[in-house]
There are 2 protein chains.
Amino acid sequence: MSAVKTSTKEKIVLLATELIETKGYSGFSYQDISDRLNIKKASIHYHFPAKEDLGLAVFDAFVQGIDDFIKKLDFDRMSPTAKLAEYFRYHAEATLDCNKISCIGAMTSEWNVLPERLRERIDKFNQWHAAFIVDILKEGVKSGEFRPFGSLEEQALFIIASTKGALLMARERKSTELYHAVARQIMGCLKG
Amino acid sequence: MSAVKTSTKEKIVLLATELIETKGYSGFSYQDISDRLNIKKASIHYHFPAKEDLGLAVFDAFVQGIDDFIKKLDFDRMSPTAKLAEYFRYHAEATLDCNKISCIGAMTSEWNVLPERLRERIDKFNQWHAAFIVDILKEGVKSGEFRPFGSLEEQALFIIASTKGALLMARERKSTELYHAVARQIMGCLKG
DNA sequence: GTCTATATATAGATAGAC
DNA sequence: GTCTATCTATATATAGAC
């Protein structure tokens, strides 16, 4: 872990991510960032000319973060149950301060007002996301850890939907526990 | 069914509901309404001085709509399974044009940027909502129709979360079928 | 790369005529 | 109850100095 300085550009993306996860894409402004980083709005526009550019950078960093998370875990050697547990643990981080939902959940919530390029990238991610869960389920059914119900594709969408909804409700109720309760329920359904 | 004229005030609430369910509370403006109803912004302010007032009216109408829906069904005589099926059918209406989520889901998605009075009312509704589902579950477990897993309170939150997430994803994917698939999954979990 | 200054559009809201 | 006109605040964005 080398002591790498965080550039202004990186700081902007990190803060914008937090703002999107708390207030939403249309809910945050360059002024919010300007205030908290003590830089002027024009400086943000230097790094990200349009808000859309910043939105895309935030989303790309989010996807990269997931990639890193998976790589760090030595995912391939884990059991399907352990993989799903990590999936839930990953999302749990958003609920720690009871003020955030996931980046993808926030953006999905604002679907109809998002710039087209952002929607395209979200669509692409969602395809990957569903396939990722289907793979885990396939493996788990094969090993006898999971009980299949309906198609695995449907089951995957169900898990993703429940997780998104749980994050929304946990933020609203200011309850990390609510999120964990729902995660337990999902796991319970899979285990039959 | 008498031919009752829809007042301007009612038209505003109906359209605002649709706008919130498609674009979100912060995503819609008085101008949107002005354009589509061919009235001036000032006229909307006459009926609803502040946007918050309109938001509250929309939410109250939403709650009233649920009340009417339940009353119309003769809910008390229905089986727990039928009650839940109606619950899913009620939410399915939002997905028909693949462009909406529920009013409560939309508002929950924007939790941190909502006016305080609206949040209070949402909180109150959510308490009722969870208790409503718990009652159905209790009855279903008693009759042997449902399989309990964890506490009934947790199971209720799980159903609510899944439904909210399913609506979000159905809007994004423009797929009514996605919503129904998730609803089937939930029912499958309950039936064991 | 950051600043000051400014442009332009839109949002929420009010005053007062009709 | 609806209109015209106007106000104020804020949002996104650009020009050009340092």
Side-chain angles (χ1 to χ4, degrees), chain A residues 4-59 61 106-107 109-110 112-119, chain B residues 4-59 61 106-107 109-119 121:
Chain A
V4 182
K5 273 188 207 165
T6 311
S7 66
T8 301
K9 191 167 184 174
E10 288 167 328
K11 279 182 197 159
I12 293 170
V13 171
L14 287 171
L15 180 52
T17 301
E18 193 195 314
L19 287 166
I20 287 172
E21 291 173 351
T22 50
K23 305 174 68 177
Y25 178 80
S26 26
F28 92 94
S29 71
Y30 274 33
Q31 189 63 54
D32 292 330
I33 296 174
S34 168
D35 291 340
R36 285 190 38 194
L37 293 186
N38 278 302
I39 54 176
K40 297 297 164 182
K41 285 194 291 175
S43 306
I44 309 170
H45 280 287
Y46 168 79
H47 296 288
F48 303 99
K51 193 180 185 183
E52 180 177 344
D53 300 313
L54 179 51
L56 289 167
V58 165
F59 191 72
M107 289 185 171
S109 300
E110 293 181 89
N112 286 327
V113 290
L114 291 184
E116 188 52 32
R117 282 200 298 160
L118 200 41
R119 293 204 281 196
Chain B
V4 182
K5 273 189 207 164
T6 312
S7 68
T8 301
K9 192 166 184 175
E10 288 167 329
K11 280 183 197 157
I12 293 170
V13 172
L14 287 171
L15 178 53
T17 302
E18 192 194 314
L19 286 166
I20 287 172
E21 291 174 351
T22 49
K23 304 174 69 176
Y25 178 80
S26 26
F28 92 94
S29 71
Y30 275 33
Q31 190 63 55
D32 292 330
I33 295 173
S34 167
D35 291 341
R36 287 193 31 197
L37 292 187
N38 279 304
I39 53 174
K40 298 297 163 184
K41 284 198 293 176
S43 305
I44 309 169
H45 280 286
Y46 168 78
H47 296 287
F48 304 100
K51 193 181 185 183
E52 180 178 343
D53 300 313
L54 179 50
L56 290 166
V58 165
F59 191 72
M107 289 186 171
S109 300
E110 295 181 88
W111 188 249
N112 285 327
V113 291
L114 291 184
E116 188 54 31
R117 281 199 300 159
L118 201 40
R119 294 204 281 197
R121 235 167 269 199

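In what follows, chains are A, B, ... by sequence order, proteins preceding strands, each numbered from 1.
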Cation-pi check, B:K9 onto B:F48 ring (under 6.0 Å, within 45° of axis): yes
Test: B:K51 cationic atom under 6.0 Å from B:Y25 six-membered ring centre, within 45° of axis: yes
[X] [atom1] to [N] [atom2], straight-line distance once rounded to whole Å:
X     : N      : atom1 : atom2 : answer
A:F48 : D:dA11 : CZ    : P     : 19 Å
A:K41 : D:dA11 : NZ    : C1'   : 6 Å
B:H47 : C:dA13 : NE2   : P     : 16 Å
B:I39 : D:dT4  : CD1   : P     : 12 Å
A:N38 : C:dT2  : CG    : P     : 13 Å
A:I44 : C:dC3  : CD1   : C1'   : 13 Å
B:K51 : D:dA9  : NZ    : P     : 19 Å
A:I12 : C:dG1  : CD1   : P     : 11 Å

Results of side chain to side chain donor-acceptor pair (under 3.5 Å) for A:T6 - residues two or more places apart only: none
Below 4.0 Å: OP1/OP2 of C:dT2 and any side-chain N or O of A:T8: yes
Side-chain N,O (B:S43) to OP1/OP2 (D:dG1) below 4.0 Å: no
Summary of salt bridge (charged side-chain N to carboxylate O under 4.0 Å, His left out) pairs that have at least one residue in residues 20-36 of chain B, sequence neighbours excluded: B:E18-B:R36, B:K23-B:D32
Nearest-0.5 Å distance, [atom1] of residue [X] to [atom2] of residue [Y]:
X     : Y     : atom1 : atom2 : answer
B:F28 : B:L54 : CZ    : CG    : 4.5 Å
B:Y30 : B:L19 : OH    : CG    : 12.0 Å
A:S34 : A:L15 : OG    : CG    : 10.5 Å

Sugar-phosphate only, base, or nothing, as touched by B:K40 at under 4.0 Å among non-hydrogen atoms: base
Residues touching DNA chain C, which here means a heavy atom under 4.0 Å, drawn from residues 16-36 of chain A: none
